[in-house]
Novice: 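Okay, handing you the structure first.
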Amino acid sequence: MEVLDLARWQFGITTVYHFLMVPLTIGLSVLVAGMQTAWVRTGDQRYLKMTKFWGKLLLVNFAMGVVTGIVQEFQFGMNWSAYSRFVGDVFGAPLAMEGLVAFFVESTFLGLWIFGWDKLPKKVHLACAWAYSLATVASAYFILAANSWMQHPVGVEFVDGKPTMNSIWAVLTNNTALAAIPHTLAGAFSVAAAFLVGVAGWQLWRKRSEDDEHRAVWRSSLRLGGWTGVVAFAVLAITGDLQGKLMFEQQPMKMASAEALCHTEKPASFSIIAIGDVRNANCEDVKTFTVPALLSFLAHNDFSTEVKGVENLVTEYQAKYGTHYPDDPQLGSLAGKPIDYVPSLPVTYWGFRAMIGFGAISAGIGVLALWLTRRGRIPGQRWFPWLVLGGIATPFIGNSAGWIFTEMGRQPFVVVPNPTGVDGVWMFTAQAVSKLSTGEVWTSLIALTTVYAVLGVVEVYLMRKYVRGGVDAVMPPKKPASTSENSDSKGGDGDDDALAFAY
Amino acid sequence: MTLETIWFCVIALFWLGYLFLEGFDFGVGMLMPVLAKDNTERRVMVNTIGPVWDGNEVWLIVAGGAMFAAFPGWYASLFSATYLPLLVVLLALIGRGVAFEYRGKVDSDRWRRNWDRVIGIGSWIPPFGVGLLLATTVLGLPLDADGDRVGGPFAALSVETLLGAIAVVGFSLVHGAAFLALKTEGDLRHRARNLATRLLPVALMPLLAFLILVQLRSGDLWTLLLIGVAVIAAVLAWFKIRAGREGQAFAALGGVIAASAVAIFVALYPNVLPSTVDPANTLTIAGEASSPYTLTVMTWVALFGAPAVLIYQGWTYWVFRKRIGTRHIPPVHAP
């Protein structure tokens with residue numbers, strides 16, 4: 001393999017892995033802040049227990065999200081230095097803003113939240129939870145603005161052969177980003193929702209026949225998760241449709257590949273599922289079950305418009321962006337070779353379907369769980385725990401599939417040309433990679449993948465432990481009244497309080 | 001001052017903030033096996049930095065991000081040329097970050113021992129690697145006309161850059177010991193103070209040696225002056241820590257790293273990454289800076305963002321200003 005392939009594998013692996021942690025962190029941190037708000041407002045112990053239990057799981061997960069995020073930032077310089085030099089003027093800005101405006105807030109206030117129990121006034125402590133959780137959302141905003149610029153470069157002009165930013169406002173309000181952000185956030189909430197439904201559902205089922213003192217905790221958690229999942233799915237569907245329409249304009253090749261639509265159709269039909277090999281770009285022998293005219297509607301809100309197929313688009317792209325790579329030794333074996341404008345069809349076709357399919361399954365499980373727990377009911381079915389625990393995986397798969405589709409679908413470009421923007425602001429992935437030895441990239445690919453795999457096992461092990469431990473595992477036993485009185489009389493202002501959430 | 005120069009200073013400040021802040025939490029990690037007698041003392045040590053280490057680490061991320069936004073070529077050339085050392089730093093930071101969070105999550109000696117090892121390794125390697133990177137950026141790399149590295153993956157390793165690496169490690173050790181003396185109480189505090197007193201003259205030697213090297217290579221009167229300030233601050237720190245004035249000693253050590261970092265960046269100016277093969281290939285502030293528009297936008301962001309960061313991070317240190325000791329550590333509670 002060449003440096004290009006290795007660097008792409010590394011980017012894919014580290015990004016998808018990072019994105020297993022991030023959505024859970026985003027969704028859970030907002031929900032935990034909400035639980036804590038409920039506790040502060042009502043004083044109901046159930047909400048305190050919820051905050052502590054889900055907060056603990058949030059922390060186990062957050063640590064992994066942070067440390068895998070550091071790699072993401074430095075990876076651009078390490079593996080993609082030609083890309084960084086070319087787009088740094090515009091792409092670096094949202095990245096630096098994420099650090100300065102969001103990430104500092106996130107990590108500082110998380111520290112305050114973890115260690116501030118009993119040290120900060122209740123409301124100040126709650127404000128820390130909100131500062132932290134809203135900063136995770138802001139983080140997502142800046143990163144998605146940066147990514148959306150790669151999908152649809154705006155706010156730039158050419159100065160001395162380099163794209164130069166002329167409007168940060170355009171970059172931060174890129175319509176691609178404005179559609180991607182609610183979609184991705186909804187994806188994050190569906191992950192957190194499935195997690196709540198899965199864990200709480202299992203706890204509820206496990207102690208269904210006992211008189212469980214924590215039943216209220218699990219019921220509230222499950223129902224919060226269920227409703228969050230339903231709302232998130234609605235947002236996913238609406239924003240997904242918006243994104244699709246934008247993408248038909250901005251990256252027609254990606255959408256044609258998502259549908260394995262070989263020939264231009266008018267009206268175009270939507271493929272539900274395919275039998276046969278979609279790998280072939282002329283795909284004559286693929287039978288797909290289709291809904292007539294639906295694709296036209298998805299693309300343009302109209303049942304009769306034409307949708308361009310892969311074959312026509314290839315001709316268009318060749319006319320616009322050339323037929324061959326430049327004969328530059330930097331491009332390795334691709335130098336002087338014809339450019340393949342068609343992304344991997346099986347990946348885009350099935351990635352698109354997996355994203356939608358698993359998202360829908362996840363929402364369905366949430367609805368089912370809500371139905372089974374309606375009006376105080378406790379589910380007793382033997383398949384229930386399997387369903388909800390298995391359900392935890394579904395939005396993760398949906399999210400990952402969505403990202404793989406988005407990123408693979410823009411190949412062979414790393415910066416996709418903007419059909420209505422400044423001419424020439426685009427870059428082939430092959431031109432973006434650093435001049436490195438394959439040995440170096442192999443080393444990092446293997447080292448990171450190994451470390452990630454080991455840590456993945458540790459995280460799942462810890463999560464499982466805390467999930468099984470339930471509320472008791474996160475609520476330290478109360479000190480006997482007499483000793484606590486003694487220490488109070490000594491300490492006075494409470495500075496002898498044990499560090500409640502301490503390491 | 002031009003916007004380019006301002007951003008060069010801002011980046012220097014981010015690196016300084018990183019060395020100062022994460023410097024002491026690295027030191028605490030390095031000293032864990034040395035200073036702590038049992039698990040409770042280890043937990044005291046971890047908890048001295050518990051609320052702040054994550055926020056400290058963001059200074060590195062922001063330093064990197066600011067280089068990307070303001071001097072993309074500097075960011076691209078430095079980090080691709082020092083690929084393997086940087087990778088090792090990242091791996092160490094990954095391990096260390098989860099180790100803090102995970103070490104107390106299972107009540108088993110073996111579990112804690114393993115994570116303590118990760119904390120140890122994860123606290124030695126990053127200051128070493130960051131020192132190496134910063135020494136590389138001031139001493140230069142074999143760069144071709146495209147800003148790419150000529151030569152093998154270890155082009156950044158030399159006696160001089162290794163000296164820079166050891167300098168940061170030495171500083172972090174002393175800084176960590178002084179911080180522990182400042183933040184703990186009782187026996188642990190005295191041990192930390194004694195160690196800091198004995199360690200200080202030895203551990204800061206590599207930093208002095210590196211500064212002299214930089215002075216000889218590319219120094220001027222200003223750098224000489226700054227090195228003088230660093231030396232005075234170090235002497236002051238020694239007297240203060242010996243006298244048990246831990247807060248003042250810690251602040252004086254901050255002066256040491258501030259003067260040193262500023263000296264290094266002054267010596268680097270107006271370059272950002274010298275080429276050791278051909279001066280024509282040297283990356284300069286003027287040549288690598290982003291467009292005036294981008295720099296203006298970033299300046300506004302920094303103008304509002306940076307003071308806010310200083311205020312709320314300062315508040316964190318205020319909230320957790322009390323010394324902690326073994327009596328504050330609750331019994332182990334894990335599922």
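Computed from a predicted model, the values in this text were never measured in an experiment.
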Novice: Parallel, tilted or perpendicular: which describes the rings of A:Phe109 and B:Trp315, with under 30° parallel and over 60° perpendicular?
Specialist: tilted

Novice: Relative to chain B, which segment of A:Phe86 carries a heavy atom at a distance below 4.5 Å: side chain, backbone, both, or neither?
Specialist: neither

Novice: Heavy-atom distances under 4.5 Å only: say whether B:Val301 touches chain A with side chain, backbone, both or neither.
Specialist: both

Novice: Shortest non-hydrogen contact from B:Pro292 to B:Leu3?
Specialist: O-CD1, 3.8 Å

Novice: I need the residue from B:Leu78, B:Val88, B:Val106 with the largest number of non-hydrogen atom pairs under 4.5 Å to chain A.
Specialist: B:Val106

Novice: Heavy atom to heavy atom, less than 4.5 Å: which residues from residues 60-68 of chain A reach chain B?
Specialist: A:Val60, A:Phe62, A:Ala63, A:Met64, A:Val66, A:Val67

Novice: When you check the gap from the basic side-chain N to the acidic O, do B:Asp148 and A:Arg85 get nearer than 4.0 Å?
Specialist: yes

Novice: According to the salt bridge (Lys or Arg N to Asp or Glu O under 4.0 Å) rule, which pairs have a member within residues 113-122 of chain B, sequence neighbours left out?
Specialist: B:Arg42-B:Asp116, B:Arg103-B:Asp116

Novice: By a 4.5 Å heavy-atom criterion (distance strictly below it), what part of B:Glu57 contacts chain A: side chain, backbone, both, or neither?
Specialist: side chain

Novice: Honestly, is A:Lys52 close enough over A:Trp117, meaning NZ or CZ under 6.0 Å from the six-membered ring centre and within 45° of the axis?
Specialist: yes

Novice: Under 4.5 Å from any heavy atom of chain A, what part of B:Trp74 do you find: side chain, backbone, both or neither?
Specialist: neither

Novice: For B:Phe14, is it the side chain, the backbone, both, or neither that has a heavy atom closer than 4.5 Å to a heavy atom of chain A?
Specialist: side chain

Novice: Identify which of A:Leu448, A:Val87, A:Leu110, A:Val159 forms the greatest number of heavy-atom pairs closer than 4.5 Å to chain B.
Specialist: A:Leu448

Novice: Indicate the atoms forming the closest heavy-atom contact of A:Met78 with B:Ser80, along with that distance.
Specialist: O-CB, 3.5 Å

Novice: Give, as side chain, backbone, both or neither, the part of B:Ala289 having an atom under 4.5 angstrom from any heavy atom of chain A.
Specialist: neither

Novice: With respect to chain B, which residue among A:Glu440, A:Lys162, A:Glu106 yields the maximal number of heavy-atom pairs within a distance under 4.5 Å?
Specialist: A:Glu440

Novice: Under 4.0 Å between a Lys/Arg side-chain N and an Asp/Glu carboxylate O for B:Glu22 and B:Arg96?
Specialist: yes

Novice: Parallel, tilted or perpendicular, judged at 30° and 60°: which one describes the rings of B:Trp111 and B:Trp115?
Specialist: perpendicular

Novice: Which residue out of A:Val71, A:Thr164, A:Leu455, A:Asn79 racks up the most heavy-atom pairs below 4.5 Å with chain B?
Specialist: A:Asn79

Novice: Quick check for you: among A:Val101, A:Val451, A:Leu462, which has the greatest number of heavy-atom pairs under 4.5 Å with chain B?
Specialist: A:Leu462

Novice: Which of these passes side-chain contact (heavy atoms from CB on, under 4.5 Å) with B:Glu41: B:Leu188, B:Thr184, B:Ile329?
Specialist: B:Leu188

Novice: Using a 4.5 angstrom heavy-atom cutoff, name the option from A:Ala473, A:Gly69, A:Gly469 with the most pairs to chain B.
Specialist: A:Ala473

Novice: Please indicate whether B:Arg321 has more than 12 foreign heavy atoms, meaning atoms of other residues, nucleotides or ligands, lying under 6.0 Å from its CZ.
Specialist: yes

Novice: Which answer fits B:Leu60, side chain, backbone, both or neither, if we ask what part of it has an atom under 4.5 Å from a heavy atom of chain A?
Specialist: both

Novice: Where does B:Val98 contact chain A at under 4.5 Å (heavy atoms): side chain, backbone, both or neither?
Specialist: both

Novice: Please determine whether a side-chain nitrogen of the Lys or Arg among B:Arg112 and B:Asp107 lies less than 4.0 Å from a carboxylate oxygen of the Asp or Glu.
Specialist: yes

Novice: Parallel, tilted or perpendicular: which describes the rings of B:Tyr18 and B:Phe26, with under 30° parallel and over 60° perpendicular?
Specialist: perpendicular

Novice: Please rank B:Leu90, B:Thr82, B:Ile61, B:Leu91 by heavy-atom pairs under 4.5 Å with chain A and give me the top one.
Specialist: B:Ile61

Novice: Is it the side chain or the backbone of A:Glu459 that comes within 4.5 Å of chain B heavy atoms, both, or neither?
Specialist: both

Novice: Got a sec: does the OH of B:Tyr317 have more than 12 other heavy atoms crowding it under 6.0 Å?
Specialist: yes

Novice: Picking from A:Gly99, A:Ser444, A:Cys128, A:Ala82, which has the most non-hydrogen pairs under 4.5 angstrom with chain B?
Specialist: A:Ser444

Novice: Roughly how far apart are A:Leu436 CG and A:Leu6 CG, rounded to 0.5 Å?
Specialist: 10.0 Å

